[in-house]
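Structure, as structure tokens:
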Amino acid sequence: MGSACRAEQPFPLFGPAAQEPSLTTYKAAPGEQAPQSYAELNAWLAQRTQVPQVSMLGGSFWLVSPFSPTQRDSDWVVAFDNTYYGHAHIVVLGDDGLHQTFDTGSDLGTSDVPRGAAAVTLAPGHHYAVIIHVTSTFFTAMPRIDVQTRTQFRKRRINESALMLGSLGVLFGLGVFILFVGLWIRDRSYTLYGCQALILVLGWGFFFDLPQTWLGISTGPINFTQWFILLPVVHARFTIRFLDLWRHAPQMARVGHGIVAASIIALPFSLFFPSLAFLIATFAVSIIVFYSACMGWWALVRGVRRARFFTLAYMAVVIPGMIILPVNFGLVPSAVDNADLLTLMGNSCEAMLLAFALADHVKLVEDGRERFRRGMQEAIAKASIDALTGLGNRLAFNVMIEEITRRENSDPAQGTWQIAMIDLDGLKLVNDSQGHERGDELLQKVGEGLARLGDLIRAFRLGGDEFAVIAYGDELSQQRLARSLAELDKSLCESDFLGAGVSYGICSAPVDQRRFSNADFAELVREADRSMYAHKSRRRMERVAEQPLPEVGSGD
């Protein structure tokens with residue numbers, strides 16, 4: 001990477017390679033004029049004071065670049081690029097008498113997006129020079145002059161413009177969509193990310209002079225640097241919230257809030273000292289990207305699953321950042337032909353990967369909710385089952401009644417709800433004479449019998465020797481239920497459980513009733529209870545009647 005940054009010719013990423021003539025920098029004084037002909041150039045240069053390069057803190061400079069066309073083509077384009085600048089007066093002189101001038105720059109709002117360029121006619125075999133008087137509050141990199149044929153420049157310009165607009169479109173679309181989602185579901189992570197993407201759109205839009213060149217809006221003292229200084233205010237908070245740093249690493253969360261405070265303080269400072277605005281913005285963005293990337297790696301190493309796409313997103317920014325940051329500080333020439341566009345593309349990739357990270361976060365939340373829901377269902381199911389018989393308990397009985405009362409019986413002609421209340425006879429006798437383990441076996445046998453009653457029948461053990469059945473069906477179904485309970489009673493009477501049997505009562509709701517209230521079901525339960533106690537009384541009287549009368553002795 002270091003050798004690439006020190007390359008004399010930038011690597012052509014976005015189109016045909018341009019001819020980049022050597023550039024000499026001179027300090028410009030107020031009122032100085034460019035030479036009027038190529039013959040005056042040497043004498044004019046002798047009067048100038050040469051400097052190593054432009055100052056990144058801005059100023060007024062002359063940039064001079066002599067060149068000769070390398071191709072036999074007359075249609076050429078001279079482009080002054082690789083840096084953000086306020087105003088540039090460009091003069092192209094030739095020994096064939098060429099004298100052509102044009103002005104460009106963000107202060108004029110006439111930049112040829114994404115670079116300032118002018119078409120010139122050059123004759124093969126002649127010598128030319130580009131003289132630029134550039135004045136700017138600050139520079140974002142060392143300026144560069146590119147000379148290309150018009151055909152080559154058109155290809156390069158189409159590629160760069162398409163990539164720039166596509167990247168801004170991705171950022172804007174994702175920003176608006178995710179901001180809307182965040183406001184809709186009231187999730188601050190989404191809201192902060194949406195704001196972050198839209199701030200990037202504004203920052204890059206101002207960098208490429210879109211408000212001035214496309215909309216004709218004068219932005220005054222506001223330029224792209226203020227938007228990038230504002231970026232850490234939402235960026236740091238998004239990182240803290242998304243990675244839940246207050247819970248996992250509260251000290252690093254405090255560092256993030258320190259970055260937020262520093263950015264808020266730096267914002268008005270950049271307006272009062274505009275020459276420092278770009279360096280402040282570069283430092284602020286570098287710090288927040290480094291902070292977020294480190295926090296992402298830290299969370300990833302500790303197994304925080306949501307950090308996967310988050311960390312990958314910042315790798316998409318760190319890699320072009322390693323190329324552009326030394327250029328932004330004026331330390332080295334640019335390693336690629338448009339490092340700013342490369343960084344914008346990195347931001348759009350970051351935005352897409354962060355959108356994946358948010359989607360992955362949603363999936364994790366939904367998975368957690370699903371696990372919680374299943375756990376609750378399992379807990380409720382366990383709490384609703386009688387451990388001895390496997391039937392539903394009183395809680396399950398009440399829940400089913402609640403479910404029935406919440407819905408309507410859409411077709412009463414097909415059937416209605418029926419309640420059977422059941423009392424197990426002889427349980428106390430079995431417990432007292434044969435032991436409680438034997439009594440448990442009796443309860444289990446009753447539970448097995450009730451569980452086999454049918455698909456539309458659900459049985460419950462309400463407690464002790466009390467059971468209940470809720471069924472759905474017509475009159476024939478009620479008769480089958482009564483026969484099934486009678487068969488269960490017969491099987492218990494014929495078993496070796498002393499005095500075992502079941503007493504039961506069945507009550508059916510009116511066949512034309514569509515809706516049932518809790519009061520309706522309470523009345524059905526009372527009617528079934530009365531019927532069950534009546535059945536129990538009859539059985540008791542029958543047993544008494546079947547007992548032999550005691551013999552009466554005669555005495556003399």
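FYI, the numbering just counts along the sequence from 1.
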Any side-chain donor-acceptor pair under 3.5 Å between Ser270 and Gln226?
yes
Between Asn393 and Phe460 the two heavy atoms that sit nearest each other are O-CD2, 3.8 Å
Query raised in the report: Is any side-chain N of the basic residue among Arg539 and Asp489 closer than 4.0 Å to the acidic one's carboxylate O?
Result: yes
Of Ile404, Ile457, Leu524, the one forming a side chain to side chain contact (heavy atoms under 4.5 Å, CB included) with Ile470 is Ile404
Report yes if some heavy atom in the side chain of Phe228 is under 4.5 Å from a heavy atom in the side chain of Ile280; otherwise report no. no
Quiz prompt | Residue pair Ser517, Thr405: steps toward the side chain to side chain donor-acceptor pair (under 3.5 Å) verdict | solution = CA-CA 5 Å; Ser517 65; Thr405 56; over 6 Å; no
Where does the angle between the aromatic ring planes of Trp204 and Phe208 fall among parallel (under 30°), tilted (30 to 60°) and perpendicular (over 60°)?
parallel
Margin query: Check this for me, if you would: do Asp529 and Arg526 make a salt bridge, where the nitrogen-to-carboxylate-oxygen distance has to be below 4.0 angstrom?
Written below: no
Review point. Do the charged groups of Asp496 and Arg438 touch, with an N to O distance under 4.0 Å?
Key: yes
* Are Phe290 and Met295 close enough that some pair of their side-chain heavy atoms sits under 4.5 Å apart? -> no
Within a 6.0 Å radius of atom CD on Glu475, are there more than 12 heavy atoms belonging to other residues, nucleotides or ligands? no
So with a 6.0 Å cut-off around CD of Glu403, is the heavy-atom count from everything else above 12?
yes
Notebook entry, point to check: Among side-chain atoms of Arg188 and Thr191, is any donor-acceptor pair under 3.5 angstrom?
Noted result: no
Of all heavy-atom pairs linking Ser531 and Gly505, the shortest is OG-CA, 3.4 Å
Between Asp440 and Leu388, does the side chain to side chain contact (heavy atoms under 4.5 Å, CB included) criterion hold? Intermediate values first, please. CA-CA 7 Å; Asp440 290 345; Leu388 184 61; 3.8 Å; yes
- Task: For the residue pair Ile385 and Leu391, establish whether any side-chain heavy-atom pair is separated by less than 4.5 Å.
- Result: no
Looking only at heavy atoms, the pair that brings Gly464 and Leu443 closest together is O-CD2, 3.8 Å
Between the side chain of Tyr193 and the main-chain N/O of Leu174, is any donor-acceptor distance below 3.5 Å? no
Nearest heavy-atom approach of Met421 to Met532 is O-CG, 3.4 Å
May I ask you to check whether over 12 heavy atoms, not counting those of Trp297, lie within 6.0 Å of atom CH2?
no
Review point. Is Gln418 reaching over with its side chain to a backbone N or O of Asp474, donor-acceptor style, under 3.5 angstrom?
Key: yes
Which of Arg540, Met541, His535, Lys536 passes side chain to side chain contact (heavy atoms under 4.5 Å, CB included) with Arg538? Answer is His535
| Taking the side chain from Ser161 and the backbone from Ile158, do they hold a donor-acceptor pair closer than 3.5 Å? | no
Query raised in the report: Okay, side chain of Arg241, backbone of Asp244: is any donor-acceptor separation there less than 3.5 Å?
Result: no
> Hey, are the side chains of Asp465 and Asp425 touching, using non-hydrogen atoms and a 4.5 Å cut-off?
Replying inline: no
Q: Determine whether the side chains of Asp423 and Ser503 contain a donor N or O and an acceptor N or O closer than 3.5 Å.
A: no
Side chains of Tyr291 and Pro232: does their closest heavy-atom pair fall under 4.5 Å?
no
